[in-house]
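What follows is a short report on a single structure.
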2 protein chains.
Amino acid sequence: MASGIRMNLQEFLPYRLAVVAESVSRSVAQVYATRFSLTRDEWRVLAALVESGRMPMKAAALTTTLDKMQVSRAVSRLESAGLVVREEDPGDRRGRILMLTSAGRGLLRRLLPMVEAREAFLLETLSEDERRLLDGLLERLLERSQQLQRQG
Amino acid sequence: MASGIRMNLQEFLPYRLAVVAESVSRSVAQVYATRFSLTRDEWRVLAALVESGRMPMKAAALTTTLDKMQVSRAVSRLESAGLVVREEDPGDRRGRILMLTSAGRGLLRRLLPMVEAREAFLLETLSEDERRLLDGLLERLLERSQQLQRQG
DNA sequence: TATTGTTATACTCTATAACTATA
DNA sequence: TATAGTTATAGAGTATAACAATA
């Protein structure tokens with residue numbers, strides 16, 4: 001072509017990944033946002049709490065890959081909605097521990113099956129081998145992209 | 001566990017995809033945002049113009065998966081920066097045709113090698129077979145997620 | 001001195017829709 | 001009536017940093 005430069009956006013991996021991730025994200029957000037009035041950050045914090053029902057805020061930030069400010073704000077809203085409470089951490093009085101309330105557990109009991117049904121629908125088209133492979137490929141891409149970000 | 005409900009956020013596909021896509025996106029944005037002061041939307045519009053150097057705005061919206069408003073704003077900024085111009089479409093006077101300026105082409109000639117080097121670094125860890133497979137898996141996930149979004 | 005969590009601020013992005021000019 | 005593009009506006013999300021309490 002005239003310009004002597006090339007680029008096909010459609011085949012550019014970062015673009016493809018962004019488009020797919022955004023579409024997948026929207027398909028799940030339809031459940032937690034539209035039907036349960038949760039933001040993505042609130043949903044992530046709740047999801048992090050499913051396993052044990054309690055977690056230090058610091059740990060919630062790590063497992064959700066949100067920063068402390070995003071967690072702090074999401075938790076404020078969740079607490080106002082009566083879905084979680086914050087209590088003091090006796091081991092480190094700077095920290096606070098998040099706990100699901102029974103209302104929070106109730107919401108998750110209704111929400112999780114819907115969200116997991118959507119994930120199952122997405123995964124239906126992939127064989128077991130393909131799922132494992134996808135997982136490994138994503139992991140490698142994550143590591144490489146983090147390496148690029150560190151080197152600036 | 002006490003709650004009788006389960007969910008491991010780390011293994012939840014929509015979450016994993018979002019985390020990887022965001023990290024990959026940031027690793028590329030370091031180039032176009034930090035070094036060339038472009039937003040993601042501006043970068044996408046420019047990338048769409050690489051192949052032929054000109055394109056109707058409507059087509060740019062389709063190939064970038066941005067909506068017409070996002071394209072309109074990105075193009076306004078790109079035009080202020082002297083990187084593209086809009087001219088009338090003689091075939092349909094509602095439409096306008098985007099054209100790269102020589103400054104735009106010059107910027108792309110400097111930017112593309114850097115961006116493509118990053119993509120190459122990301123892809124280095126994948127074999128040819130794995131790249132093809134990843135592409136197919138992403139395509140299937142995209143279709144399925146669009147299906148979920150349509151059904152609401 | 002460093003860390004946890006909160007708050008403030010400014011900035012960007014997003015969603016919706018009204019508006020114009022054409023078709 | 002419908003479409004291409006622009007503009008307006010309000011709401012969400014993001015980035016940075018200052019701050020209080022504690023380690």
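Predicted model, so just to flag it, every value in this text is computed and none were measured. Each chain gets a letter, A, B and so on, in the order the sequences are listed, and its residues count up from 1.
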Next on the checklist: Could you tell me the boundaries of the chain B footprint on DNA chain C, defined by atoms under 4.0 Å from its heavy atoms?
Outcome noted: C:dC13 to C:dA23
Using a 3.5 Å cut-off and no angle test, enumerate the donor-acceptor pairs between side-chain atoms of residues 97-104 of chain B and protein atoms at least two apart in sequence or in another chain.
residue  : atom : partner  : partner atom : Å
B:Thr101 : OG1  : B:Gly82  : O            : 2.6
B:Thr101 : OG1  : B:Leu83  : O            : 3.0
B:Thr101 : OG1  : B:Ala103 : N            : 3.3
B:Thr101 : OG1  : B:Gly104 : N            : 3.0

Checklist entry - Please give, in whole Å, the distance from D:dT7 P to B:Met57 CE? => result 10 Å
Item to check | salt bridge (charged side-chain N to carboxylate O under 4.0 Å, His left out) contacts in which one or both residues fall within residues 140-152 of chain B, not counting sequence neighbours | outcome: A:Glu124-B:Arg144, A:Glu130-B:Arg140
Checklist entry - Are the charged groups of A:Glu87 and A:Arg96 less than 4.0 angstrom apart, N to O? => result no
Checklist entry - Please give, in whole Å, the distance from D:dG13 C1' to A:Glu22 CD? => result 14 Å
Next on the checklist: According to salt bridge (Lys or Arg N to Asp or Glu O under 4.0 Å), who are the partners of B:Glu88, at least two apart in sequence or on a separate chain?
Outcome noted: none
Checklist entry - B:Arg35 and B:Gln30: side-chain donor and acceptor closer than 3.5 Å? => result no
Next on the checklist: For a 4.5 angstrom cut-off between non-hydrogen side-chain atoms, does B:Leu78 reach B:Val45?
Outcome noted: yes
Checklist outcome for this item: Taken to the nearest whole Å, CZ/A:Arg44 to C1'/D:dT14 is 14 Å
Next on the checklist: Using side-chain heavy atoms (C-beta onward) and a distance below 4.5 Å, is B:Leu46 in contact with B:Leu107?
Outcome noted: yes
Checklist entry - Going by heavy atoms closer than 4.0 Å, what residues in residues 144-152 of chain A are next to DNA chain D? => result none
Checklist entry - With a non-hydrogen cut-off below 4.0 angstrom, is B:Arg26 in contact with a base, only sugar-phosphate, or nothing? => result sugar-phosphate
Checklist entry - Can you list the residues that meet the salt bridge (Lys or Arg N to Asp or Glu O under 4.0 Å) rule with A:Glu119, with sequence neighbours excluded? => result none
Item to check | Global bending angle along the helix from C:dT1-D:dA23 to C:dA23-D:dT1, which compares the axes of five pairs at either end, to 10 degrees | outcome: 0°
Checklist entry - Is the backbone N or O of B:Asp67 less than 3.5 Å from a side-chain atom of B:Gln70, with the two atoms forming a donor-acceptor pair by type? => result yes
Checklist entry - Roughly how many Å is it from NZ in B:Lys58 to C1' in D:dG5, rounded to a whole number? => result 11 Å
Next on the checklist: If only side-chain N and O atoms count, and only distance matters, is there a donor-acceptor pair under 3.5 Å linking B:Ser145 with A:Ser23?
Outcome noted: yes
Checklist entry - Going by atom types alone, do B:Thr65 and A:Tyr15 pair a side-chain donor with an acceptor below 3.5 Å? => result yes
Item to check | Proximity to DNA chain D (any heavy atom under 4.0 Å), residues of residues 65-78 of chain B only | outcome: B:Lys68, B:Met69, B:Ser72, B:Arg73
Checklist outcome for this item: Sorted by chain and number, sequence neighbours left out, side-chain hydrogen bond (donor to acceptor under 3.5 Å, both in side chains) with A:Arg110 holds for none
Next on the checklist: Test of understanding: with salt bridge (Lys or Arg N to Asp or Glu O under 4.0 Å), list the residues that count as partners of B:Glu139, not counting sequence neighbours.
Outcome noted: A:Arg16
Item to check | Parallel, tilted or perpendicular: ring planes of A:Trp43 versus A:Tyr32, cut at 30 and 60 degrees | outcome: parallel
Checklist outcome for this item: Applying salt bridge (Lys or Arg N to Asp or Glu O under 4.0 Å) to B:Arg93 and not counting sequence neighbours gives none
Strictly under 3.5 Å: I want the nitrogen or oxygen pairs between protein and nucleotides 21-23 of chain D, one per line.
residue : atom : partner : partner atom : Å
D:dA23  : OP1  : A:Arg93 : N            : 2.9

